[in-house]
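Please read the structure below before turning to the comments.
Residue numbers begin at 1 in each chain, while the letters A, B, ... track the order of the sequences. Quick note: numbers below take in every heavy atom, side chains included, and nothing from hydrogens, waters or symmetry partners.
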Amino acid sequence: MNERLRNAFNGITPISCDRELYETTLKKAAAIREAGGNKRPRVSKPFAALCSAVIVLVIGTVSIGAAYYRGLGMVLSPWLGNQDKLHEVMSEVSTANVKSSFENLDINVCGGLTDGTINIVFLDITRTDGGAFDMSDQKIEFKDGNIFNEKCVSPKAAFDKLICVHEMELVDENVYSNRIVYAQQYFIEDDDPVDDKLTIAIAWIKNKDSHSEGVEISVSDLMLTKTAVDYEYFENTDIKSDQPYEKFSGSYSAAINMDKIAAKVKTLSTNEIIKLNFNNYDIADMTRNYDIDFTLDSISVSPMTVSFKAHREKIDEFQYMTLYESIGYVTLKDGSSIAIASINDKPCFNNQTGNGGHAVGGAVYEAPVLYERWNIDCSFMLEEAVKLDDVVSVTIGETTIDLADASK
Amino acid sequence: MDNLRFGKLISSLHGTVYRVAYSYTRNHADAEEITQEAFLKLYLCQKEFPSDMDAKAWLIRVTINLSVSLLRSGWRKKREELPEIEIPSPEQENEDLRELINKLTPEQMTAVYLHYYESYSLKEIASMCGTTVASVSMRLARARARLKSLLTEDEDNE
């Protein structure tokens, strides 16, 4: 397949030749310099100006058991909880600390949810001066000095965690309401221990000139799944690095289900041995594949998410690994299969702190490290929305769990 | 950037930049325009590239940004497309697969091209596309699934 793909792409060739391109470029460059320097019309200010895009998140309504939120006219989900707390949180997000530090960016709070302990605030982020969406180099800088983009910490001013939903991630930009939105998740990187009292902001990002109508979501379909990595402390035996290790815990992802699917969960226990394949990343970006046996402790399936816990006693080689790509699939009643895909680029377990398993300080961990027990606690999103009732089995690695049998 | 080095970069990267642009625009004229613009930016930029690989990664990123800008421009949405000039291909099989590849989304096609043709890692592709490794992984998974499904359909229809 790779060879065929290469050959297919070989057929996409430029119309002009290299020489033409070279000469045309030089002519244009000369003309620009003659006209007054190397100035190109810019629609945005330099990097510091940031070109985040518009996030339009229109909260859908839930008709059953809901209450109105004053001021915004939002209908809250079964998450009725502490509205005062939510109001307070939303007020914090709307403060000048968030909005005024940035000239070309407009941030508005367009809704929120709370269950009393976990607060979710929906942000509408608009780039006001046009231009292409590009978060790779751009930063949103907040008054308290916190900076965020995809690679940086989330702003601590008002919320603990920022989840950005990018328009570009969607398959069909004209059909938002029927698509699952993949939320990028960010780990909390401050020093405070993570507890259940979190404020999470979900931001929809797109360009100001996008023709998208925005997104309607059903509040009742908003789910939070905890994808915590729980692993044992260990001593650093790598003589190349003196980085400290910390127990990693407490990251949350939010899945926004565009379809109105009831959030039911089936939880099963099993002692099946599952073989999982891992990619091994080191600082030089060399990948190696490992097949490792784990004992499957439990597996649960809900619309859009498959979660499982597994463990392995005493692994004797480890750098840091990413459980990658498709790890399995669910089989539906009609016989079709839907893949389970990773929803984040963070490893399920690693030997480093914080930021996504990248080598801290650039060290390459080559020394073998012994563990007593290696736990996995992972959740993955399904690539397409499914109804739980239609799922008949789940396959993780090489193990298939028949939901009908297991639930008896 | 000196002209000699620039010329060499054109020789080695013209096709790459063009294919990335085409992945988004699916139109030879637009792809040419974006390619031209990208190389012009390279020539005029003040950036020092330690290696040609760095220049390549930078160029690809710029090309993606330019492509996205063009796709989103109001002008492009309003204009009417002229019929594409068919460039005959000597190998029907490659052309067939190319047609299928054209059915991928721009993001998927770009990810497939950068990964399978240019042999970039997922991390490198994520950096160039301004997204995360998970997104790139997802795009590739979906692209593979889509191609597989289209290929199967094709075989069934034969």
Side-chain angles (χ1 to χ4, degrees), chain A residues 1-2 4-19 21-22 24-26 28-29 32-33 38 40 43 131-138 150-151 166 168-169 171-172 182 184-185 207 209-211 279 281 285 287 322 324-326 339 341-346 356 381 383, chain B residues 3 6-7 10-11 14-15 18-19 22-23 28-29 31-32 35-36 39-41 43-44 46 61 65-66 68-69 72-74 77 87 89 91 93-98 100-101 105 107 112-113 116-117 121 123-124 126-135 137-138 140-142 144-145 147:
Chain A
M1 170 60 106
N2 289 1
R4 286 180 67 188
L5 277 173
R6 273 201 207 88
N7 291 338
F9 278 111
N10 276 335
I12 301 173
T13 51
I15 298 171
S16 62
C17 68
D18 294 348
R19 185 83 202 161
L21 177 61
Y22 175 81
T24 310
T25 305
L26 262 54
K28 284 192 176 179
I32 287 167
R33 285 177 177 150
N38 189 15
R40 308 282 295 162
V43 294
F133 167 79
D134 182 7
M135 282 293 284
S136 56
D137 288 327
Q138 311 302 323
E150 284 190 12
K151 301 177 182 68
H166 297 162
M168 281 165 59
E169 299 301 322
V171 174
D172 181 352
Y182 289 93
Q184 312 277 337
Q185 68 174 44
N207 290 331
D209 61 349
S210 169
H211 290 261
N279 288 334
Y281 255 2
D285 218 359
T287 56
T322 305
Y324 227 28
E325 298 204 358
S326 179
S342 172
I343 62 171
N344 62 72
D345 65 349
K346 306 301 189 291
M381 280 186 72
E383 288 198 344
Chain B
N3 290 357
F6 184 65
I10 284 186
S11 294
H14 189 180
Y18 186 85
R19 286 183 205 105
Y22 187 84
S23 296
H28 289 287
E32 281 282 328
T35 302
Q36 171 78 83
F39 277 104
L40 182 60
K41 280 183 182 290
Y43 188 74
L44 291 172
Q46 308 294 324
R61 202 150 95 182
N65 288 345
L66 288 169
V68 169
S69 278
R72 290 171 192 259
S73 73
K77 286 183 193 295
I87 299 170
S89 165
E91 294 174 14
E93 188 182 342
N94 293 337
E95 195 176 321
D96 290 345
L97 185 57
R98 202 156 48 245
L100 297 183
I101 291 171
T105 66
E107 293 79 14
V112 167
Y113 172 67
Y116 291 108
Y117 191 95
S121 70
K123 208 151 74 169
E124 286 166 326
S127 173
M128 283 187 271
C129 294
T131 184
T132 64
V133 172
S135 299
S137 172
M138 203 181 304
L140 286 173
R142 284 181 157 185
R144 283 193 293 268
L147 285 174

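Heavy-atom distances place the side chain of B/Ile101, and not its backbone, under 4.5 Å from chain A.
In this structure, the side chain of B/Arg98 does not engage the main chain of A/Ile12 through any donor-acceptor pair within 3.5 Å.
Qualifying side chain to side chain donor-acceptor pair (under 3.5 Å) partners for A/Ser16, counting only residues two or more places apart in sequence or in other chains: B/Glu32. Evaluation of the side chain to side chain donor-acceptor pair (under 3.5 Å) rule for A/Tyr22 yields no partner, not counting sequence neighbours.
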Let's go through B/Tyr18 and A/Thr13 carefully: what are the C-alpha distance in whole Å and the side-chain angles of both, what is the deciding distance for side-chain contact (heavy atoms from CB on, under 4.5 Å) to 0.1 Å, and is it a yes or a no? CA-CA 7 Å; B/Tyr18 186 85; A/Thr13 51; 5.8 Å; no
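Using a 4.5 Å heavy-atom cutoff, the side chains of A/Thr24 and B/Phe39 are not in contact. Side-chain contact between B/Lys41 and A/Thr25 is absent, with no heavy atoms from C-beta onward closer than 4.5 Å.
Considering every non-hydrogen atom in both A/Ala29 and B/Leu44, the closest pair reads CB-CD2, 3.7 Å. Contact detail for A/Pro14 and B/Gly15: the closest heavy-atom pair is CG-CA, 4.1 Å. Shown here for B/Ser11 and A/Asp18, the closest heavy-atom pair between the two residues is CA-OD2, 3.4 Å.
B/Asn3 contributes atom CG, which lies 4.5 Å from atom CG of A/Leu26 (distance to the nearest 0.5 angstrom).
When B/Leu66, B/Thr35, B/Val112 are compared by the number of non-hydrogen pairs under 4.5 Å with chain A, B/Val112 comes out ahead.
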